[in-house]
Structures are given as structure tokens and as C-alpha cells.
Amino acid sequence: MFKGRRYLVAEDNQINRIILTEMLTERGATLEQAQNGKEAVELFAESEPQRFDAVLMDAMMPVMDGYEATRAIRKLPRPDAQTTPIVALTANAYADDVKKALDSGMNAHVGKPFKIADLAKALDELQRDDDR
């Protein structure tokens, strides 16, 4: 599922970033990391189109939160800004939080702490939706 995939990870907590990096790289994924939403938007904007298979976005970050960052990515003048899946990774897991994530332009919501199987399932469902 993760082998050969490239993800942009936006996570301000260093420990969470390390854990996520280990979980995904040991399964064959390549990651680029941002420590806040502003960095994530900049990395996405400066990358070549279709560079990322998905963006894994923490919702609560300094400088620019994940919701703002998602809206900013979706407004970028390039086709993959609308189609690259963005997955919320957040401890905020109430129905209102899921709705807020989806309303901001995110495609899925995975609650923290998460299991790698939960993330894999969300990404797999997004890929299947994209294949239709």
C-alpha cells in the first residue's frame, strides 16, 4: 500500500513526525515534511505537479493550521491542487471536527492516535475513489 508512494507530511509535533516517518518509510514510502501549514503550502506549491500521492495534514499547527493550509492548497492554480488527496490527522475526532476537515477541502479524517491500518484504509479508499 505505501511502497513507492510519496507523501507530504504536515505535523508540528516532532515526536509525531518521527513516528509517522518511521511507520511509513519502513513500508516503502518517501516523505517530505513540513512543521506547519504555511510550510506545507509552500512545499506543495514549489513541487512539480503530481509529486505527492497524498498530503497527511495535522489539523492544529502554529503559523497556519491544517484547515487553512488545505484551503490554500486547493486554491493553487494547478490541476493537482484539486485532486491530490489531503488526509486530516488529528486528535479532534468528533463529528463536527470531521465535518470541519471535509468542509475545508480535506478528503478524509483519521483520528490520533492512529493505527497504520487506519491510515492505510483511508488512503486505499481515496485511491479507489480516484480510480472510478
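As a basis for the values below, the full set of heavy atoms in this structure was taken, side chains included, without hydrogen atoms, waters or symmetry mates. What you see is a predicted model, and the numbers here were worked out from it, not measured in a lab.
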What salt bridge (Lys or Arg N to Asp or Glu O under 4.0 Å) pairs are there with at least one residue in residues 90-105, not counting sequence neighbours? Lys99-Asp103
Joining Ile, Leu, Val, Met, Phe, Trp and Tyr whenever any side-chain heavy atoms lie under 4.5 Å apart, the cluster holding Met61 also takes in Leu8, Val41, Leu43, Phe44, Phe52, Val55, Met57, Met60, Met64, Tyr67, Ile73, Leu76, Ile86, Met106
Would you say the side chain of Leu119 lies within less than 4.5 Å of the side chain of Leu56, judging by non-hydrogen atoms? yes
Within the 4.5 Å heavy-atom criterion, are Asn36 and Glu39 side-chain neighbours or not? yes
Distance from Glu68 atom CD to Thr70 atom OG1, nearest 0.5 Å? 10.0 Å
Residues at least two apart in sequence or cross-chain that pass side chain to side chain contact (heavy atoms under 4.5 Å, CB included) with Val98, listed by chain then number, are Leu102, His109
Would you say that Leu20 contacts Tyr7 through its side chain, given a criterion of any heavy-atom pair below 4.5 Å between the two side chains? no
In terms of heavy-atom contacts, Phe114 and Val110 come closest through CB-CG1, 3.5 Å
Minimal non-hydrogen separation, Ala88 against Ala101, with atom names: CB-CB, 4.0 Å
All pairs passing salt bridge (Lys or Arg N to Asp or Glu O under 4.0 Å) where residues 40-60 contributes a residue, at least two apart: Arg5-Asp53, Glu32-Arg51, Lys38-Glu42, Glu48-Arg51, Asp58-Lys112
Less than 4.5 Å apart, any side-chain heavy atom of Leu89 and any of Asn16? no
To the closest 0.5 Å, what do you measure between OG1 (Thr84) and CG (Leu126)? 11.5 Å
Transitive ILVMFWY cluster of Ile18, excluding itself - 4.5 Å side-chain cut-off: none
With sequence neighbours left out, what residues match Asp65 under side-chain hydrogen bond (donor to acceptor under 3.5 Å, both in side chains)? none
So, using side chain to side chain contact (heavy atoms under 4.5 Å, CB included) as the criterion, who are the partners of Thr25 when residues are at least two apart? Thr21, Leu31
Do Asn107 and Val87 come within less than 4.5 Å of each other through their side chains, counting heavy atoms only? no
Got more than 12 heavy atoms from elsewhere within 6.0 Å of CD, Glu26? yes
Which residues satisfy the side-chain hydrogen bond (donor to acceptor under 3.5 Å, both in side chains) test with Asp80, sequence neighbours excluded? Arg78
